[in-house]
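Notes follow once the structure below has been shown.
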2 protein chains.
Amino acid sequence: MMTTNTPIIILSCPSLSQNIGATARAMLNFGLTHLRLISPRASWLTLDARRMSANAHSILESAQVYETAEAAFADLNVIYATTARPRDMVKEVLSPREAAPEIATHLDQGNRVGIVFGSEKCGLDNETLTLAHKIITIPLNPAFRSLNLAQAVIILAYELFQNAPPMPFSDPLWEKDPLFSSRGELLDFFHHLEEELEKKGYFRTTHKRPLMQRNLRNIFARLPLTAQEVRTLRGVITTLVSPFVRTNRSDKQKKQIDKPL
Amino acid sequence: MMTTNTPIIILSCPSLSQNIGATARAMLNFGLTHLRLISPRASWLTLDARRMSANAHSILESAQVYETAEAAFADLNVIYATTARPRDMVKEVLSPREAAPEIATHLDQGNRVGIVFGSEKCGLDNETLTLAHKIITIPLNPAFRSLNLAQAVIILAYELFQNAPPMPFSDPLWEKDPLFSSRGELLDFFHHLEEELEKKGYFRTTHKRPLMQRNLRNIFARLPLTAQEVRTLRGVITTLVSPFVRTNRSDKQKKQIDKPL
């Protein structure tokens with residue numbers, strides 16, 4: 001896979017410097033150079049990290065750091081989340097081998113792809129997982145699933161490096177605009193939707209809100225939505241909450257209804 | 001690959017306890033449990049090794065230790081050697097993906113398969129490499145080939161775990177007796193051959209002997225020889241050096257000539 005558009009490896013809350021260093025080394029072994037860290041619990045520039053990176057220092061030095069998954073994903077078009085165990089979430093699950101040609105296709109079409117890995121201790125939280133399009137699970141010995149973080153990264157990096165041929169999408173609609181909306185555009189839609197739902201008392205109790213929000217986000221997060229489709233969805237919300245009745249396209253409310261906000 | 005016959009991971013001169021521990025963990029992640037160590041430079045039972053093994057302690061505790069590659073390979077039928085760089089040696093080179101179905105076939109047919117990995121600092125020495133049937137090279141970023149030992153092991157283990165279907169051999173002769181001779185039987189043949197050559201002054205100077213021996217061994221080491229074929233080769237040597245002329249099968253020298261020694 002010799003394209004300048006390579007996937008971005010994202011570590012969520014990594015807790016050991018050595019693992020961040022070993023991840024950088026594993027990435028560079030297979031030509032990946034873009035590392036993002038979400039709320040790291042350990043420094044990625046310690047002596048330990050550098051030593052474990054075996055001279056892949058430039059990856060550590062250019063790592064981008066974010067406070068939240070939302071911020072780390074904002075400018076990316078496609079997100080894959082890796083988890084060891086199946087979750088109770090409606091989301092397609094792929095093996096690394098199945099994911100590789102798909103990712104090659106996305107990159108080929110100009111999408112920016114992120115692959116997010118959970119922390120050593122507790123994996124990925126459900127909020128982060130919700131924001132992914134799909135899940136990647138590495139098939140493991142069911143009796144011993146304790147996979148080291150950098151080992152998980154290298155298996156993905158290795159598969160991506162195997163010259164997986166881009167895989168054509170079968171959806172004819174999709175071929176017209178192969179570029180996904182950015183996760184940031186989708187998040188703006190979520191915030192818009194949730195704000196309007198909040199006003200209408202949709203989230204009945206405070207403690208139910210996180211689960212209701214997660215289930216709702218997951219419906220859209222896993223779809224391959226174009227930027228135009230996200231704008232359409234936002235138009236739908238604006239229309240639904242508007243006190244005006246939309247009659248025809250020359251109606252003077254049109255502008256207010258369709259404006260992307 | 002759900003067979004009780006699984007490949008044996010062999011580390012040649014490993015120099016860091018942590019790497020032996022991380023190798024054990026990587027093995028168990030993909031259901032491999034047999035570890036051999038050739039002349040280890042570090043202990044495989046330190047706290048560091050155990051910690052890095054993440055509870056794959058039983059692999060460390062049951063690791064078998066040998067002084068030489070010859071001893072470690074003696075009871076095995078098929079040996080693959082992993083190297084990062086191509087060597088100046090006439091030996092087939094496979095990727096992990098190409099090797100996996102082959103290895104599945106050997107295991108399926110009852111062969112004991114060893115996969116040997118070099119040390120962190122200097123890889124595999126040529127003497128060890130010579131004893132292998134084939135070489136496995138992991139395709140890597142040519143600008144950064146510094147692959148951690150346990151990372152190399154996990155990529156092989158991962159590939160072997162991908163349910164690679166056994167691959168039928170195309171050689172019809174081979175189908176009759178799919179069991180390879182043990183490396184020990186082949187080594188006995190080498191020693192026999194080299195001893196006879198020594199007597200005839202074949203190894204002209206002491207300093208040339210290692211290279212001449214290596215080139216000679218490599219001719220046979222890479223062949224899929226059955227135990228019967230190795231016995232035949234030994235018979236050939238015995239015949240060649242015998243002062244007697246072999247006339248027919250009832251000749252009284254026959255026994256001396258064919259005896260497997």
Side-chain angles (χ1 to χ4, degrees), chain A residues 1-2 6 16 18-19 21-33 48 50-60 84 94-100 120-121 136-164, chain B residues 1-2 6 16 18-19 21-33 48 50-60 84 94-100 120-121 136-164:
Chain A
M1 196 174 56
M2 276 300 144
T6 54
L16 292 168
Q18 301 99 296
N19 282 343
T23 293
R25 179 178 182 177
M27 287 169 62
L28 199 53
N29 282 145
F30 294 107
L32 303 182
T33 52
D48 256 2
R50 286 171 184 275
R51 191 175 50 78
M52 291 299 285
S53 82
N55 288 321
H57 295 170
S58 63
I59 292 181
L60 296 174
L94 303 174
S95 71
R97 189 150 300 172
E98 291 165 334
E120 296 88 340
K121 278 167 198 157
I136 299 175
T137 294
I138 300 171
L140 287 170
N141 174 4
F144 190 72
R145 297 179 163 279
S146 164
L147 188 65
N148 169 271
L149 176 58
Q151 299 278 44
V153 171
I154 207 166
I155 287 172
L156 261 294
Y158 164 76
E159 278 289 358
L160 295 170
F161 195 74
Q162 298 308 301
N163 266 312
Chain B
M1 197 176 54
M2 275 302 143
T6 55
L16 292 168
Q18 300 98 296
N19 282 343
T23 293
R25 180 178 181 177
M27 289 171 59
L28 198 52
N29 282 146
F30 294 108
L32 303 181
T33 52
D48 256 2
R50 286 171 183 273
R51 193 174 48 82
M52 290 299 286
S53 82
N55 288 321
H57 296 170
S58 63
I59 293 181
L60 297 174
L94 303 174
S95 69
R97 189 149 303 170
E98 290 165 336
E120 295 89 339
K121 277 166 200 158
I136 299 175
T137 295
I138 300 171
L140 287 171
N141 175 5
F144 190 74
R145 294 179 164 282
S146 163
L147 188 64
N148 168 270
L149 177 57
Q151 299 278 43
V153 171
I154 207 166
I155 287 172
L156 262 295
Y158 164 77
E159 278 289 358
L160 295 170
F161 194 74
Q162 298 308 300
N163 266 309

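Every chain is numbered from 1 and lettered A, B, ... according to where its sequence line falls, protein lines coming before strand lines. As the structure is a prediction and not an experimental result, all values here were calculated from the model.
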Going from [atom1] on [X] to [atom2] on [Y], what distance comes out if it is rounded to the nearest 0.5 angstrom?
X      : Y     : atom1 : atom2 : result
A:N141 : B:M27 : CG    : CE    : 11.5 Å
B:N148 : A:R25 : CG    : CZ    : 5.0 Å
A:R97  : B:R97 : CZ    : CZ    : 3.5 Å

For A:A56 and B:F144, which heavy atoms make the closest approach, and how far apart are they?
-> CB-CZ, 4.0 Å
So which heavy atom on A:A150 is nearest to which on B:Q151, and how close?
-> O-NE2, 3.5 Å
Determine the option with the most heavy-atom pairs under 4.5 angstrom with chain B, choosing from A:P139, A:G31, A:A26.
-> A:P139
Carefully, step by step, assess B:L147 and A:I154 under the rule side-chain contact (heavy atoms from CB on, under 4.5 Å).
-> CA-CA 10 Å; B:L147 188 64; A:I154 207 166; 3.6 Å; yes
Per-residue contact mode, [X] against chain B (heavy atom under 4.5 angstrom):
X      : result
A:Y158 : side chain
A:A143 : neither
A:A22  : backbone

Check step by step if side-chain contact (heavy atoms from CB on, under 4.5 Å) holds for A:F30 and B:I155.
-> CA-CA 12 Å; A:F30 294 107; B:I155 287 172; 3.6 Å; yes
